[in-house]
Amino acid sequence: QVQLVESGGELVQAGGALRLSCAASGRTFSSNAMGWFRQAPGKEREFVAGINWSGASTDYVDSVKGRFTISRDKAKNSVYLQMNSLKPEDTAVYYCAARRFGGVTTSRLNYAYWGQGTQVTVSS
């Protein structure tokens with residue numbers, strides 16, 4: 001079956017960096033847009049970053065622009081999120097997701113496949 005498995009989340013101090021990875025199995029996602037979402041306690045799951053099928057187009061929520069970078073490696077069927085200059089407000093469970101289509105969208109309703117999440121905690 002299709003699986004998305006995130007890794008790389010951990011406790012880090014404010015100003016630090018982390019790289020999240022998402023490895024897909026069960027099918028190839030080379031023609032699909034991928035995304036990262038996050039959910040903090042008591043809040044709704046929000047879009048963080050997305051990348052289209054080719055990797056040529058990306059989108060970010062305003063709060064992470066200039067700090068986070070999404071990328072993908074089709075050969076490894078994986079997507080990554082490089083997070084720099086982390087802030088306490090970035091603390092959340094981060095989820096990898098995949099669309100059935102190639103274009104980036106910010107709505108979680110448009111993503112068909114989801115991972116189980118990885119916890120990122122940023123201490124002040």
Side-chain angles (χ1 to χ4, degrees):
Q1 73 276 21
V2 175
Q3 277 192 313
L4 300 177
V5 179
E6 303 95 336
S7 61
E10 61 180 72
L11 172 64
V12 63
Q13 287 190 334
L18 284 176
R19 186 186 192 225
L20 304 184
S21 299
C22 172
S25 62
R27 58 159 288 178
T28 179
F29 286 98
S30 59
S31 299
N32 304 77
M34 306 285 291
W36 286 95
F37 289 74
R38 66 186 179 187
Q39 188 166 18
K43 295 188 177 181
E44 291 194 355
R45 192 171 300 188
E46 69 166 348
F47 172 83
V48 176
I51 188 166
N52 78 330
W53 71 274
S54 69
S57 178
T58 58
D59 195 10
Y60 299 90
V61 67
D62 285 346
S63 60
V64 309
K65 285 181 180 177
R67 300 189 298 123
F68 291 11
T69 303
I70 188 171
S71 61
R72 67 187 303 164
D73 185 333
K74 289 188 177 184
K76 294 183 179 181
N77 212 21
S78 296
V79 65
Y80 308 96
L81 186 67
Q82 178 66 44
M83 306 187 294
N84 298 329
S85 302
L86 283 161
K87 304 176 181 180
E89 51 264 44
D90 294 319
T91 295
V93 177
Y94 282 71
Y95 298 89
C96 173
R99 295 198 67 204
R100 296 187 190 276
F101 306 102
V104 177
T105 177
T106 62
S107 172
R108 60 185 174 90
L109 299 179
N110 292 326
Y111 287 78
Y113 305 97
W114 292 86
Q116 293 300 304
T118 185
Q119 176 70 48
V120 172
T121 304
V122 184
S123 63
S124 58

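One-based numbering along the sequence shown. Both backbone and side-chain heavy atoms feed into the values below; hydrogens, waters and symmetry mates do not. Just so it is clear, the model here is predicted, and its values are computed rather than measured.
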Which atom names give the shortest non-hydrogen contact between Ala17 and Gln82, and what distance separates them?
CB-NE2, 4.0 Å
Hey, can you pull the donor-acceptor pairs under 3.5 Å for the side chains in residues 92-101, sequence neighbours left out?
residue, atom, partner, partner atom, Å
Tyr94, OH, Arg38, NH1, 2.9
Tyr94, OH, Asp90, O, 2.6
Arg99, NE, Asn110, O, 3.1
Arg99, NH1, Gly103, O, 2.7
Arg100, NH1, Tyr113, OH, 3.1

Heavy-atom distance under 4.5 Å between the side chains of Trp114 and Arg108, does that happen here?
yes
Pick from Asp59, Leu81, Thr106: which one makes a side chain to side chain contact (heavy atoms under 4.5 Å, CB included) with Val48?
Leu81
Sequence neighbours excluded - salt bridge (charged side-chain N to carboxylate O under 4.0 Å, His left out) pairs with any residue from residues 74-85:
none
Quick one, Met83 and Trp36 - any side-chain contact, counting heavy atoms below 4.5 Å?
no
With distance as the sole test, does Glu6 use its side chain to make a donor-acceptor pair with the main-chain N or O of Gln116 at under 3.5 Å?
yes
Do you know which two heavy atoms are closest between Gly9 and Val120, and how far apart they sit?
CA-CG2, 4.0 Å
Minimum heavy-atom separation for Ala33 to Gly102, with atom names?
CB-O, 3.5 Å
Close side-chain approach of Leu11 to Ser123, heavy-atom, < 4.5 Å
yes
Spacing of OG belonging to Ser78 relative to CZ belonging to Phe29, to within rounding of 0.5 Å
11.0 Å
Is any side-chain heavy atom of Thr91 less than 4.5 Å from a side-chain heavy atom of Gln119?
yes
CG-CZ distance between Asn52 and Arg72, expressed to the nearest 0.5 angstrom:
7.5 Å
Hydrophobic cluster membership, with links at side-chain heavy-atom distances under 4.5 Å among I/L/V/M/F/W/Y: are Leu20 and Met34 in one?
yes
Are Tyr60 and Thr69 side-chain neighbours, meaning at least one heavy-atom pair lies under 4.5 Å?
yes
Hey, are the side chains of Ile70 and Val79 touching, using non-hydrogen atoms and a 4.5 Å cut-off?
yes
Enter the distance from Gln1:CD to Ser25:OG here, rounded to the nearest 0.5 Å.
7.5 Å
Nearest 0.5 Å please: distance from the OG atom of Ser63 over to the NZ atom of Lys87.
8.0 Å
Before giving the answer on side-chain contact (heavy atoms from CB on, under 4.5 Å), spell out for Tyr111 and Thr105 the whole-Å C-alpha distance, their side-chain angles and the decisive distance to 0.1 Å.
CA-CA 8 Å; Tyr111 287 78; Thr105 177; 3.6 Å; yes
For Ser21 versus Tyr80, what's the shortest heavy-atom pair and its separation?
OG-CD2, 3.4 Å
Between Leu4 and Ala24, what is the shortest heavy-atom contact and its length?
CD2-CB, 3.5 Å
Under 3.5 Å: donor-acceptor pair, side chain of Asn77, backbone of Arg27
yes
